[in-house]
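What follows is a short report on a single structure.
All chains are named by letter (A, B, ...) in the order of the sequence lines, taking the proteins before the strands, and each is independently numbered beginning at 1.
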4 protein chains.
Amino acid sequence: MSTPQARRKPRTDAERNRDRVLEAARALFAESGHDVQMSEVARAAGVGVGTLYRKFPTREALIEAVADHWAAELAEAARRFAGDPDHGLARYLRHVGEVLAGDRGMSEVIERAMGSAEPRGETREELLAAIAELIGLARERGTVGPEVTAADVNMVICGLAAVIRNAAGDWRRYVEVSLGGLRPR
Amino acid sequence: MSTPQARRKPRTDAERNRDRVLEAARALFAESGHDVQMSEVARAAGVGVGTLYRKFPTREALIEAVADHWAAELAEAARRFAGDPDHGLARYLRHVGEVLAGDRGMSEVIERAMGSAEPRGETREELLAAIAELIGLARERGTVGPEVTAADVNMVICGLAAVIRNAAGDWRRYVEVSLGGLRPR
Amino acid sequence: MSTPQARRKPRTDAERNRDRVLEAARALFAESGHDVQMSEVARAAGVGVGTLYRKFPTREALIEAVADHWAAELAEAARRFAGDPDHGLARYLRHVGEVLAGDRGMSEVIERAMGSAEPRGETREELLAAIAELIGLARERGTVGPEVTAADVNMVICGLAAVIRNAAGDWRRYVEVSLGGLRPR
Amino acid sequence: MSTPQARRKPRTDAERNRDRVLEAARALFAESGHDVQMSEVARAAGVGVGTLYRKFPTREALIEAVADHWAAELAEAARRFAGDPDHGLARYLRHVGEVLAGDRGMSEVIERAMGSAEPRGETREELLAAIAELIGLARERGTVGPEVTAADVNMVICGLAAVIRNAAGDWRRYVEVSLGGLRPR
DNA sequence: TATGAATGAGGCTTCATTCAT
DNA sequence: AATGAATGAAGCCTCATTCAT
C-alpha cells in the first residue's frame, strides 16, 4: 500500500505556472487596473514573457481570463448566500461591494465580465444562473419583487463596480438604494 | 469710432478654435470612446496638433474638458426637469439614459465626470447643485425618500453610464429599479 | 527684380528627410541585405524612428521604395545605352552586373522589383519600357534575335541578381552566356 | 544468435526520426519558403522540438540539410540525363524548371545550394561533378560550346530558381534563352 | 499664433534555442 | 534519447508631446 496517489502530481508545473500568472495579474490589476504591461505581469509571476504568452496568447486573453476568474468568484459567493432567502441578496450585494472596494481595479475588469457585448460564454452564464438561484427563493418569500430578474441584479452589480471604481460616492448608499428598488412594491 | 466691428466680434478666432476642437472631440469620443488619437481630433477639428495642444495642454485636459461639457449638459437638463416635482427625477433619469445610449462612448467619459477621484471643481459642483434642486421639491412632495441626496442620484447616473457602456442589460429596467430605490419607503 | 525664384525652397525639409532615409536604407541594404532593423535605418539617416515611419508606414513600404528607386536607376541606365544599337544590350547587362556586384544586397531587393508577384506599378512598367526601347533598335539591326522581348531581358537580369547575390560563380560568364542566348540564331 | 532482429532493423529510430524531420521540413519549405518556425517543422514531423534540435543543432543546419537534399536530387537527375548527349542538357534544365516551379519555396533554398558563399562540401561538389558529366559528352558532340563549364550551368540554374521564385516571367523562355547561350557559336 | 513634421520611449508579440523531466 | 515548457532578446510599430518655421 504505497500511497499511489502521491504519484499523480496533482498539478503539473505548467498548470502551476498558469495559476501563478493569473494570480500575479489579478494582484497587479487590483492595484493599478488593467493597463499593466505584460512584462510587469511576467516579472511579478516570476516567469518570462514567453511563458506568459504561452498561457495567454494575447493581452486581451489575459484580461479575459482574470475577468472570468472574478466572475466565477462572484458566482461562488452568490451560491453561498443563496441559503438565506430573507437577507441573502442584501448580504450578497454588500459582500460584492466589499470585495470590489478592497480590490481597486477589479471593478474595472468586472464590468466587462458583466457586459454582454460579445457573448462570453460559460462563466457569465454561470454567474447569471447563480444569481437566479439567489433571488429565486427570495422572490417566493416576497423579499424581492416578483418581476426582478437575474439580469437586473447583474446590472446593479455592473453599476456598483463603476461607482466604486470612480469613487462616485458612498457605495454603501448605492447598494441600499438598489436594494430598495429590488424590493417588492 | 474705433474699429467697432473688431470689437463686436463675439468670439475671437482663438475662442472659435477651442470650440471646434471641443466639438470634434465630442463627436469622435461619441463614436469610439476616448481612445482616439490626438491627431485624429486635430484633423477632425480642422486644426493642427499644435493648436490643439495650445488649447488643451494634455490629452488628459481634453478629456476633462469634454467630460465637463457633458456634465454641464446634464446639469442643464436637471434644471429643466426641476420644474416637475412629481415626475421630474424619473423623466430626468430616462432622459439621461437616452442621451448616453445614443452617444456611444459618452458614457465612458461621463463616468469620470461623476467620480470624484480628483476634486474637479465647478462643473461637478454645478451638476450636484442642479440635481439637488431637482430632488429638493420632490422630496418635499414625498416623491423621493427624505434621505435621498444629490450624491445618491449622482451614483445612479454613474452606474447607468456603466450599464449602457457595457451593454450589461436593458438600461430602462436599470432606471426603473433605481427610481424604485429612490422612492420613499 | 529680386530673384523671386530663390524664394521657392527647392525641397522642403520633409522631402529632404525622406531622401535621407531612402539614402540611408539604400546604403545599409547594400551592406547587409534588407534584414536591417528599422531603428538602424533611422539612426543611419539621423532621424527618429517616428520620422521613418511617417515616411514609410511599414518596413515593407521602405523596401518597396528602395526597390523602386533601384529599378528606376536601371531604367535610366537602359535609356542611356539605348543609343548604341550594336552593343547597347551587352554594355547594359555588363553595367547592371557591375552595379549589382558593387552593391551587395541590392540584388536582393532588385529581384523583387523584377518579379511581378504583385503588380508593382509604374516603375516596373518604366523599366520594361526602357528595356524595350533598348532592344528595339538592336532587333532591327539584327544584334538580338527577333523573338526577344523586354520580359526576356528582365528575367536575365533577375537571374543575374541571384547569381551575384549567391556568389554562384563568375557573373561575367553568366552575362556572356545570356547575351549569347539573346543573339539571333 | 544474438538478437538478430534488432540487428536487422535497417534504420534505428533515431535515423528514422531524422528522416521524418527532413521530410517534414521539405514539405513545409515547399509550401511557404524557409520562413517556417522550428516548432512547425517539429509538429509536422510528429516529434518534439527537442528532438528536432538533436538532429539539427540549428535552424541554419536544417535549411542546409534540406538544401543538400535537393542538391543531391538535382545531381541525381543530372546523372540520369547524362546518357543523352544530344538533348541531355536541354531536357535536364527543363526538368529542373518543372521541379522548381512545382515546389514553391524549393527555389528559395536551392539558390543557396548553388551559391558558394561558404564552401559547402560534398553535395555541391557532387552536383558540379554530375553536371560536368552531363555536359562532357555534349561538348564532344558539339551540342554545347567548348568553353562551357559546369559552373556556367550552375549559374543558369541559380538564375532559373530566382526567375521562378519571383515569378519574373515565363521561365520556359528563360531556359530556352540560356540553352541558346550554351550552344556553340 | 498656427502648423505639422519630428521625436523616441514604450508596448506587444514572436521565435530560436535551452533545459528540466 | 525524447519531450515540450520556459526563456528573453529582438523587432515592429504607435502616439503623446515638443519645437522649428
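- Of the candidates dT17(E), dG4(E), dA6(F), dA6(F) carries the atom nearest the Arg54(A) side chain, counting heavy atoms from C-beta on.
- Taking atom CD of Glu60(A) as the reference point, atom C1' of dT13(E) lies 14 Å away to the nearest angstrom.
- When the side-chain contact (heavy atoms from CB on, under 4.5 Å) test is applied to Asn17(A), the partners found at least two apart in sequence or on another chain are Arg20(A), Val47(A), Thr51(A), Lys55(A).
- In this structure, CG of Asn17(A) is placed 8 Å from C1' of dA6(F), rounded to the nearest angstrom.
- For the pair Leu62(A) CG and dG11(E) C1', the computed distance is 15 Å after rounding to whole Å.
- The nearest pair of heavy atoms linking Ala25(A) to Leu62(A) is CB-CD1, 4.0 Å.
- Scanning for side-chain contact (heavy atoms from CB on, under 4.5 Å) contacts around Glu40(B) gives Leu28(B), Val36(B), Gln37(B), Arg43(B), with sequence neighbours left out.
- With sequence neighbours left out, the side-chain contact (heavy atoms from CB on, under 4.5 Å) criterion links Ala61(C) to Phe56(C), Pro57(C), Thr58(C).
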(request) Could you summarise the pairing of DNA chain F as dot-bracket text, marking Watson-Crick and G-U pairs under 3.5 Å with ( ) or [ ] inside the strand and | across strands? (result) .||||||||||||||||||||

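- Only Val47(B), Gly48(B), Val49(B), Gly50(B), Thr51(B), listed by number, bring a heavy atom of residues 35-53 of chain B to less than 4.0 angstrom from any atom of DNA chain E.
- If you take CZ on Arg59(B) and CG on Asp35(B), they are separated by 7.5 Å, rounding to the nearest 0.5 Å.
- Taking a cutoff of 4.0 Å between a charged side-chain nitrogen and a carboxylate oxygen, Arg18(A) and Glu15(A) do not qualify as a salt bridge.
- Under the salt bridge (charged side-chain N to carboxylate O under 4.0 Å, His left out) criterion, Glu60(A) pairs with Arg112(A), sequence neighbours left out.
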